[in-house]
There are 2 protein chains.
Amino acid sequence: MGRTTVQDVAREAGVSVATVSRALTGGTVSPSTREAVRAIAARLGYQPNRAARGLITGRTGNLGLIVPDLRNPFFADVAKGVTARARAVDHGVFITDTDEDPVAELEALATLGRNTDGVLLCSPRSADADLLTAADPERTVLLHRRVPGLPSVVADIAGGIRQAVRHLIALGHTRIAYVGGPEDSWAARQRLTVLTEVPEVLILDAVAPTFEGGLVAGDLVLAGPATAVLAYNDLVALGLLHRLAARGVAVPDRVSVVGFDDVSLAVMSHPPLTSVAVPKDRSGSVALDLLLGRTGAPVVLPASLVVRASSGVVRP
Amino acid sequence: MGRTTVQDVAREAGVSVATVSRALTGGTVSPSTREAVRAIAARLGYQPNRAARGLITGRTGNLGLIVPDLRNPFFADVAKGVTARARAVDHGVFITDTDEDPVAELEALATLGRNTDGVLLCSPRSADADLLTAADPERTVLLHRRVPGLPSVVADIAGGIRQAVRHLIALGHTRIAYVGGPEDSWAARQRLTVLTEVPEVLILDAVAPTFEGGLVAGDLVLAGPATAVLAYNDLVALGLLHRLAARGVAVPDRVSVVGFDDVSLAVMSHPPLTSVAVPKDRSGSVALDLLLGRTGAPVVLPASLVVRASSGVVRP
DNA sequence: GTGAAAGCGCTAACAA
DNA sequence: TTGTTAGCGCTTTCAC
């Protein structure tokens, strides 16, 4: 395996370890030496020990990514964006799945903060204050959440919601239900704030941000006068669709359903789900660039409504 | 942030760095000193630099996980199992998403091999020979694939298939279609081998192992005499369900559908999908233990059929 | 352009 | 029980 060290390469090449290092990292070396060293390194299958390098350069070449649940397609997409970009810029990514546990989150933040060049944090639930004390603003970027004092990459939720509402109103809907998510979630509070201002929207009870939550939501909606629903996210929307189907309610003829996030499942549902798309993998790569480039400005990515078959004109 | 080093702790505690190290890692220290050091370390927010530690111990405390696609719920589950177990045994996990690219896979194997204590590899497509040359058998565990000479954790596919077939036959089906996956995939070949032996099974063309592949598969099935289908995986089964619904074919009344893997989406489909469940997250944690314990024996995990509403008795 | 040597933060002998 | 010392593999002054 990669037991080969600079020493081995140096000996083989008949030069000093310093020269090997320079040849490989782009220092001042004669072209011929560089070539020779490169060739020998390749032949020996030399892989630099990043730990040793990091010890001296102060940069490990590694990043951390903390997510509440990898199984959630939303975060899987984010992770995909992060790892793809990281691979392109030759960085490793530590991924920690906290299993929605805020304590694990803070622990991960401490460990990763110490052992990486920076960390990308998806933390829907933790308190602002906890984040502020645990995260180094110089080396942390928040994803899909904003906390004053920390750099972040978020989507333009308000804009996305506006598109969704306008879409439904254009289809003739005047009573639009909103089924929200966990009150301790930043995104849920954010959505609620925006939707509370819209006169056509009826705020229903919040549900769990899952398929099961959506089942609950289905009954909630049918108990009211709404002809359209905005769901907290696509998982909830899927549960909703399921419940409506089970109760024999036609979608979109009797009720239109709009989800949030546009995860890959949205196209697989029956009917395919209209959803507010947020750039998930892109947010990951943008956040990574922000982290590495150390730009301080908060980034807002556009959200856009994707219309599919689950929303349609009102049928009286 | 974690700029604090052993030096700082030692100075503050009035002891040598060696004592700090011992106090923190469980060496021989007097209980009182240990307590004192621990307290000071905590107060200073000391986080050991794993890179430096690894340099000397030869163990980094980090593991690698290579998957073709994090967005695929199957691998998301595996990753979840790995990270959960890793967190329990206080290890970090580098995750590399190769985007189905075998070259990226081999590269990742080289880099991670050098910079971790071992790597867990999900490689459905690469050639046995490539894997054998790139992977150190001492520090690599294959997941959901078997290659002679490399330790691995796989599910009992054959057993799972047997259960599925018996289930369908018990329901009265005598013509069962099988829609396979990519021919270069180990799992696909494996399934094909088993199913070829079953007289009731009609082998149809292989399709892409995706929702879209399932759409194609739907038409393939309807063109034949089958009253039941076994799909390569749940994604394909979902596409199948979708296509059958679109063509007005009742499931399970006209056609029964059985998927593979039992990903979380299986319960969300309409109707909910009967599927051969393989222990995905468990496979991840078992593989991790195998890697860390250096047991050489190949591990086979049980697969079990989960019956839901997409399969039913034959209706003539 | 190249080499010798000094560490990065930590742990593991070896002494005391 | 504790301190001193020597590195782990690498990069980076500083000479040459």
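These numbers come from a predicted model, not from an experiment. Below, chains carry the letters A, B, ... as their sequence lines are ordered, and counting in each starts from 1.
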Between [N] ([atom2]) and [X] ([atom1]): distance, integer Å:
X	N	atom1	atom2	answer
B:Arg50	C:dG9	CZ	P	18 Å
A:Tyr46	D:dT11	OH	C1'	10 Å
A:Arg59	D:dC10	CZ	P	18 Å
A:Ile56	D:dG9	CD1	P	14 Å
B:Asn49	D:dC8	CG	P	18 Å
B:Arg53	C:dC8	CZ	C1'	16 Å
B:Leu55	C:dC10	CG	P	12 Å
B:Glu35	D:dT2	CD	P	13 Å

By nearest-nucleotide position on DNA chain D, the 5'-leaning member of B:Ala52 and B:Val17 is B:Val17
Within less than 4.0 Å of OP1 or OP2 of D:dT2, is there a side-chain N or O belonging to B:Arg34?
no
Selected nucleotide, minimal atom distance to [X] side chain, candidates [options]:
X	options	value
A:Val29	D:dT4, C:dT2, D:dT12	C:dT2
B:Thr33	C:dA12, C:dG9, D:dT1	D:dT1
A:Ser16	C:dG3, D:dG9, C:dT11	C:dG3
B:Thr19	D:dG9, D:dT2, C:dA12	D:dT2

Applying a 4.0 Å non-hydrogen cut-off, can you work out what [X] is touching in the nucleic acid: base, sugar-phosphate, or nothing?
X	result
A:Ser21	base
A:Arg22	base
A:Ser30	sugar-phosphate

Quick one: CG on A:Leu24 to OH on A:Tyr46, what's the gap to the nearest 0.5 Å?
6.5 Å
Between [X] and [Y], does at least one N-O distance fall below 4.0 Å, as a salt bridge requires?
X	Y	value
A:Glu183	A:Arg189	no
B:Lys80	A:Asp99	yes
B:Arg146	B:Asp128	no

Testing the 3.5 Å rule here: is there a donor-acceptor pair between the side chains of A:Thr116 and A:Asn62?
no
